[in-house]
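The structure under discussion appears below in the form of structure tokens.
Counting starts at 1 for both ligands and their atoms, following the listed order.
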Amino acid sequence: MSTLMSPLAAELLRRIKGSDIRAGVIGLGYVGLPLAVELARGGYTVVGLDVDRRKVGSIERGKSYIPDVADADLAELVSADRLHATTEFAALQHLDTVNICVPTPLRKTKDPDVSFMVAAVEQVAKYLHPGMLVILESTTYPGTTEELVRPLLEATGLIAGRDFFLAFSPERVDPGNTQFHTANVPKVVGGTTATCAALASALYQPAIERVVVVGSTQAAEMVKLLENTFRAVNIGLVNEIAMMCDTLGIDVWEVVGAAATKPFGFMPFYPGPGLGGHCIPIDPFYLSWKAKQSGFDARFIELAGEVNGHMPHYVVAKITEALNASRKPVNGSRILILGVAYKRDIDDVRESPALDVMRLLREKGADLVYSDPHVPVLAPELWSGPRALESLTLDRGVLEACDCAVVLTDHGAFDYRLIAEHCDTIVDTRNALHGMNALHLVRLGAPVTAESLAAAAA
Ligand SMILES: NC(=O)c1ccc[n+]([C@@H]2O[C@H](COP(=O)([O-])OP(=O)(O)OC[C@H]3O[C@@H](n4cnc5c(N)ncnc54)[C@H](O)[C@@H]3O)[C@@H](O)[C@H]2O)c1
């Protein structure tokens with residue numbers, strides 16, 4: 001490959017292969033910090049850039065704020081001068097490569113908010129220099145690298161593929177996943193030119209176990225959106241099946257569990273209180289927005305959004321029914337929310353459906369308390385309440401004092417036997433109490449048992 005390259009590209013490739021480069025990462029959050037750590041472990045000298053002084057300060061003290069990055073690993077890299085962080089973007093002038101990992105949220109109108117990407121790319125443009133490799137990692141609509149990033153960088157007079165190198169490589173990190181992390185999840189790479197892709201691919205080589213090159217930046221952008229749309233649509237499907245099972249008196253958990261024994265052609269997805277996190281509820285709308293620009297209506301995405309968006313309302317209806325069976329209204333009832341993070345065993349509450357359920361219950365006058373071992377405090381704006389709430393430690397007193405407990409996140413640390421033993425009424429949206437002998441249990445997508453009805457009426 002290097003024989004077909006320009007001298008500028010060949011020189012960068014030679015230096016990447018010799019680990020003789022300074023690599024930059026812009027945006028040091030759930031994606032950027034683990035990536036910066038892997039690049040440093042891979043042998044490069046890494047500089048992380050972020051606008052958040054607290055994050056930068058924390059990294060410099062060797063203190064991680066991302067659960068997937070251990071303090072000891074970070075501290076070791078910082079003290080060995082393999083990794084440093086700064087808020088000074090002038091550092092870019094001394095960097096050979098830069099990976100951009102800034103947020104890509106939606107506006108209230110569900111249109112992409114590209115402002116973080118634009119701000120980061122404008123900083124790169126200020127310090128862009130010949131031979132630099134720029135890789136966008138933020139999840140975004142197909143076409144972003146060529147239509148948005150490239151013109152901003154080429155406004156400097158330097159040309160992509162000739163004077164500097166440009167690629168897109170989606171991040172696929174799954175926070176809290178102990179089996180798969182940044183280093184052992186294959187990395188998809190698409191370049192503005194074949195040389196750009198080859199250089200980006202070489203950069204990841206020592207840090208990531210497998211690199212998969214696709215033919216364009218657009219294809220790489222689309223890969224990520226296919227993956228996340230696949231999840232959103234399948235979760236939407238199983239949520240609809242759960243509501244259907246509820247109506248038909250069938251246990252959806254039993255059905256999905258049995259279907260999952262089929263060794264081919266089926267992949268289990270599980271129902272729940274709605275979508276959460278930074279990716280699945282948001283990314284598919286980047287795709288539907290882009291498709292709409294070309295007059296294409298992304299019907300699966302819209303329908304999945306509708307079904308998944310309805311789930312918090314459905315859960316509140318289940319809570320209302322469960323309380324009603326004990327002749328209690330939601331208004332004034334003490335409801336204990338179990339788990340506010342958007343998924344098991346993590347501390348992230350972004351887009352968490354628990355927050356929607358809490359808002360809806362509060363609107364109905366419920367007296368809300370919560371317990372989440374990973375989220376010690378919930379700020380008022382997060383749960384739409386008048387003050388910050390503190391997580392309660394679960395004990396017999398806390399459980400017996402509530403009229404209804406609602407399992408919204410199935411954290412491993414919860415003692416479900418204790419919960420089953422001491423709560424009058426439980427709504428379980430995750431099947432966390434599966435197989436437990438709780439007489440007063442309503443499970444999402446499963447019929448209420450005769451025992452539960454009898455217990456509630458007693
Ligand atoms: N979190 C995930 O599970 C996940 C997985 C795959 C992909 N992604 C994608 O990766 C991207 C980043 O997500 P994240 O979860 O790491 O976000 P995050 O909010 O955890 O981190 C983003 C960081 O970027 C910083 N930042 C914002 N604007 C900046 C700027 N102009 N210059 C420098 N720093 C800036 C923020 O201060 C923050 O530290 C998003 O596009 C997201 O969709 C996230």
[X] and ligand 1 - part of the residue with a heavy-atom distance under 4.0 Å:
{"X": "Phe89", "result": "side chain"}
{"X": "Glu122", "result": "neither"}
{"X": "Gln123", "result": "neither"}
{"X": "Pro170", "result": "neither"}

Short N or O distance, [X] and ligand 1, threshold 3.5 Å exclusive:
{"X": "Val31", "result": "yes"}
{"X": "Thr104", "result": "yes"}
{"X": "Glu171", "result": "no"}
{"X": "Lys224", "result": "no"}
{"X": "Tyr342", "result": "no"}
{"X": "Arg350", "result": "yes"}

Do the rings of His310 and His313 sit parallel, tilted or perpendicular, given the 30° and 60° boundaries?
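Ring orientation of His310 relative to His313: parallel.
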Tyr270 vs Trp253 aromatic rings, parallel, tilted or perpendicular, using cut-offs 30° and 60°?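 Tyr270 vs Trp253 ring planes: parallel.
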* Asked: Out of Asp246, Asp428, Asp251, which residue meets the side-chain hydrogen bond (donor to acceptor under 3.5 Å, both in side chains) rule with Arg443?
  ->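 Only one of Asp246, Asp428, Asp251 forms a side-chain hydrogen bond (donor to acceptor under 3.5 Å, both in side chains) with Arg443, namely Asp251.
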Which residue supplies the protein heavy atom nearest to [atom], what is that atom called, and how far is it?
{"atom": "atom 9 (C) of ligand 1", "result": "Thr139 OG1, 3.4 Å"}
{"atom": "atom 27 (C) of ligand 1", "result": "Pro103 CD, 3.6 Å"}
{"atom": "atom 24 (O) of ligand 1", "result": "Gly27 CA, 3.3 Å"}
{"atom": "atom 29 (C) of ligand 1", "result": "Val102 CG1, 3.7 Å"}
{"atom": "atom 4 (C) of ligand 1", "result": "Cys279 SG, 3.4 Å"}
{"atom": "atom 25 (C) of ligand 1", "result": "Asp50 OD2, 3.3 Å"}
{"atom": "atom 28 (N) of ligand 1", "result": "Phe116 CD2, 3.5 Å"}
{"atom": "atom 21 (O) of ligand 1", "result": "Gly29 CA, 3.2 Å"}

Is it true that [X] and [Y] have a side-chain N and a carboxylate O under 4.0 angstrom from each other?
{"X": "Asp297", "Y": "Arg299", "result": "no"}
{"X": "Asp174", "Y": "Lys343", "result": "yes"}
{"X": "Lys55", "Y": "Asp50", "result": "no"}
{"X": "Arg162", "Y": "Glu154", "result": "no"}
{"X": "Arg41", "Y": "Asp73", "result": "yes"}

Do other residues, nucleotides or ligands put more than 12 heavy atoms under 6.0 Å from the [atom1] atom of [X]?
{"X": "Tyr127", "atom1": "OH", "value": "yes"}
{"X": "Phe266", "atom1": "CZ", "value": "yes"}
{"X": "Glu240", "atom1": "CD", "value": "no"}

Which atom names give the shortest non-hydrogen contact between Gly43 and Arg82, and what distance separates them?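 Where Gly43 meets Arg82 most closely, the heavy atoms are O-NH2, 2.5 Å.
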Would you mind running through ligand 1 and noting each atom that sits below 4.0 Å from a heavy atom of [X]?
{"X": "Lys55", "result": "38 (C), 39 (O)"}
{"X": "Ala119", "result": "31 (N)"}
{"X": "His278", "result": "13 (O), 14 (P), 15 (O), 17 (O)"}
{"X": "Ser138", "result": "41 (O)"}
{"X": "Asp52", "result": "37 (O)"}
{"X": "Ile26", "result": "32 (N), 33 (C)"}
{"X": "Pro175", "result": "3 (O)"}

The single option from Val369, Asp372, Leu361 that satisfies side chain to side chain contact (heavy atoms under 4.5 Å, CB included) with Ile337 is Leu361
Contact with ligand 1 for Glu137, non-hydrogen, under 4.0 angstrom: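 Judged by the 4.0 Å heavy-atom criterion, Glu137 does not count as contacting ligand 1.
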**Message:** Could you check whether Phe230 and Phe269 have their ring centres less than 6.0 Å apart?
**Reply:**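 Yes, they do, as the ring centres are separated by less than 6.0 Å.
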(message) Is it the case that the side chain of Thr409 and the backbone of Ala341 share a donor-acceptor pair, with hydrogens and angles ignored and the cut-off at 3.5 Å?
(response) yes
